[in-house]
Amino acid sequence: MLTNFFPDLDVQDFWIATYETFYMTILALIGTFIIGIILGLLLYLTTKDGIWQNKFLNLIVATIVNVFRAIPFIILILLLFPFTEFLIGTIRGPNAALPALIIGAAPFYGRLVEIALREVDKGVIEAAKSMGAKTRTIIFRVLLPESMPALISGLTVTAIALIGYTAMAGVIGAGGLGNYAYFYGFQRHDFDVVLVCTILIVIIVFIFQFIGDFISNKLDKR
């Protein structure tokens with residue numbers, strides 16, 4: 001069916017590329033969520049008047065976040081080649097893209113987590129403190145549950161950014177739709193392949209946006 005409209009498309013390779021894009025995005029999103037939550041909590045808790053107020057630690061975490069957010073993703077991939085080869089054993093393929101995807105996206109999501117936590121009503125936090133709640137309880141029973149709609153919205157934005165990152169990673173051999181569009185479309189001047197890959201990436205973005213909005217709206221109790 002697809003080959004009727006896109007004659008240069010190899011359907012089997014196309015679906016493999018689609019699978020690789022989902023594979024990289026979902027695994028990277030899980031890693032980004034975990035590390036981003038940790039970074040965001042550290043930024044929030046160690047800030048001035050925070051529960052763990054610590055100017056030095058806050059400065060270190062903020063610097064790490066700001067530095068990695070400032071590095072263009074395509075350059076970050078190149079910088080991480082030695083680390084990726086040490087960790088994964090290769091610099092090609094979907095698995096090799098995961099360290100750069102996570103390291104590139106986690107600081108971005110960490111800032112979104114910090115913003116979401118700042119929106120939590122301070123009165124709720126003070127009430128928990130007055131009842132003798134420990135820091136762990138405040139984090140897992142107050143901060144994260146109260147900010148969950150914003151956390152999911154931020155994760156949705158990050159997921160869409162990650163889809164774009166996977167396309168860039170594909171240009172240097174990470175696999176996925178970016179790889180297929182560049183090597184099998186652009187380099188061969190088969191622009192119908194580039195077009196169909198672009199259309200599918202847009203569809204994937206809409207799917208992630210719809211799922212994220214749906215979950216966020218369900219969790220929002222306001």
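Just so you know, these numbers use all the heavy atoms, side chains as well, and skip hydrogens, waters and symmetry mates.
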Report yes if some heavy atom in the side chain of [X] is under 4.5 Å from a heavy atom in the side chain of [Y]; otherwise report no.
{"X": "V120", "Y": "I125", "result": "yes"}
{"X": "L200", "Y": "V196", "result": "no"}
{"X": "I103", "Y": "F83", "result": "yes"}
{"X": "L151", "Y": "L155", "result": "no"}
{"X": "I88", "Y": "P99", "result": "yes"}
{"X": "C197", "Y": "Y182", "result": "no"}
{"X": "E146", "Y": "L117", "result": "no"}
{"X": "F33", "Y": "I37", "result": "yes"}

- Message: Looking only at side-chain N and O atoms, does N58 offer a donor or acceptor that is under 3.5 Å from a partner on T46?
- Response: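 T46 vs N58: donor-acceptor pair found between side chains.
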- Message: For the residue pair N179 / Y184, report whether a side-chain donor-acceptor contact shorter than 3.5 Å exists.
- Response: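 No, N179 and Y184 have no side-chain donor paired with an acceptor closer than 3.5 Å.
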If you group Ile, Leu, Val, Met, Phe, Trp and Tyr by side-chain heavy-atom gaps below 4.5 Å, do [X] and [Y] land in one group?
{"X": "I75", "Y": "V67", "answer": "yes"}
{"X": "I207", "Y": "V202", "answer": "no"}
{"X": "I16", "Y": "I26", "answer": "no"}
{"X": "I38", "Y": "V113", "answer": "yes"}

Please check: side-chain N/O of [X] versus main-chain N/O of [Y], any donor-acceptor pairing under 3.5 Å?
{"X": "S130", "Y": "A127", "answer": "yes"}
{"X": "T137", "Y": "A133", "answer": "no"}
{"X": "N54", "Y": "L57", "answer": "yes"}
{"X": "D190", "Y": "D192", "answer": "no"}
{"X": "Q209", "Y": "V205", "answer": "no"}

- Task: Go through R111 and R69 one step at a time and tell me if the side chain to side chain contact (heavy atoms under 4.5 Å, CB included) criterion holds.
- Result: CA-CA 10 Å; R111 279 298 184 191; R69 283 176 64 210; 3.3 Å; yes
- In this structure, which one of L43, I60, L42 forms a side chain to side chain contact (heavy atoms under 4.5 Å, CB included) with V65?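 For V65, the side chain to side chain contact (heavy atoms under 4.5 Å, CB included) test succeeds with only one of L43, I60, L42, which is L43.
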For the residue pair [X] and [Y], what are the closest heavy atoms and their distance?
{"X": "M24", "Y": "A97", "result": "SD-CB, 3.7 Å"}
{"X": "Y165", "Y": "F73", "result": "O-CE2, 3.3 Å"}
{"X": "G212", "Y": "I152", "result": "O-CG2, 3.6 Å"}
{"X": "P149", "Y": "P145", "result": "CD-O, 4.3 Å"}
{"X": "G173", "Y": "F183", "result": "N-CE1, 4.2 Å"}
{"X": "T21", "Y": "G176", "result": "OG1-CA, 3.4 Å"}

- Run the numbers on F191 and F186 for side chain to side chain contact (heavy atoms under 4.5 Å, CB included), then give the verdict. CA-CA 6 Å; F191 290 101; F186 177 76; 3.9 Å; yes
From [X] [atom1] over to [Y] [atom2], what is the distance, rounded to the nearest 0.5 angstrom?
{"X": "I203", "Y": "T198", "atom1": "CD1", "atom2": "OG1", "result": "11.0 Å"}
{"X": "L98", "Y": "L87", "atom1": "CG", "atom2": "CG", "result": "9.5 Å"}
{"X": "R136", "Y": "R141", "atom1": "CZ", "atom2": "CZ", "result": "9.5 Å"}
{"X": "I204", "Y": "T166", "atom1": "CD1", "atom2": "OG1", "result": "7.5 Å"}
{"X": "T32", "Y": "L101", "atom1": "OG1", "atom2": "CG", "result": "7.5 Å"}
{"X": "L45", "Y": "I138", "atom1": "CG", "atom2": "CD1", "result": "9.0 Å"}

- Verify side chain to side chain contact (heavy atoms under 4.5 Å, CB included) between E20 and F22, making sure each step is shown before the conclusion. CA-CA 5 Å; E20 289 173 342; F22 273 106; over 6 Å; no
- Take the angle between the ring planes of F214 and F210 and call it parallel below 30°, perpendicular above 60°, tilted in between.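 Geometry flag for F210 against F214: parallel rings.
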- Message: Please determine whether the number of non-hydrogen atoms from other residues, nucleotides or ligands lying under 6.0 Å from atom CZ of F206 exceeds 12.
- Response: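 Count not over threshold, so no.
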- With a cut-off of 6.0 Å (strictly less than), are more than 12 heavy atoms of other residues, nucleotides or ligands near CD of Q187?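 Enclosed: over 12 neighbouring heavy atoms sit under 6.0 Å from CD of Q187.
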- Message: The test is side chain to side chain contact (heavy atoms under 4.5 Å, CB included); show your working for T47 and K55 and say whether it passes.
- Response: CA-CA 7 Å; T47 193; K55 186 177 180 180; over 6 Å; no
- Task: List in chain and number order the residues that pass side-chain hydrogen bond (donor to acceptor under 3.5 Å, both in side chains) with R118, two or more places apart in sequence or in another chain; answer none if no residue qualifies.
- Result: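 With sequence neighbours excluded, R118 shows a side-chain hydrogen bond (donor to acceptor under 3.5 Å, both in side chains) to E114, given in chain and number order.
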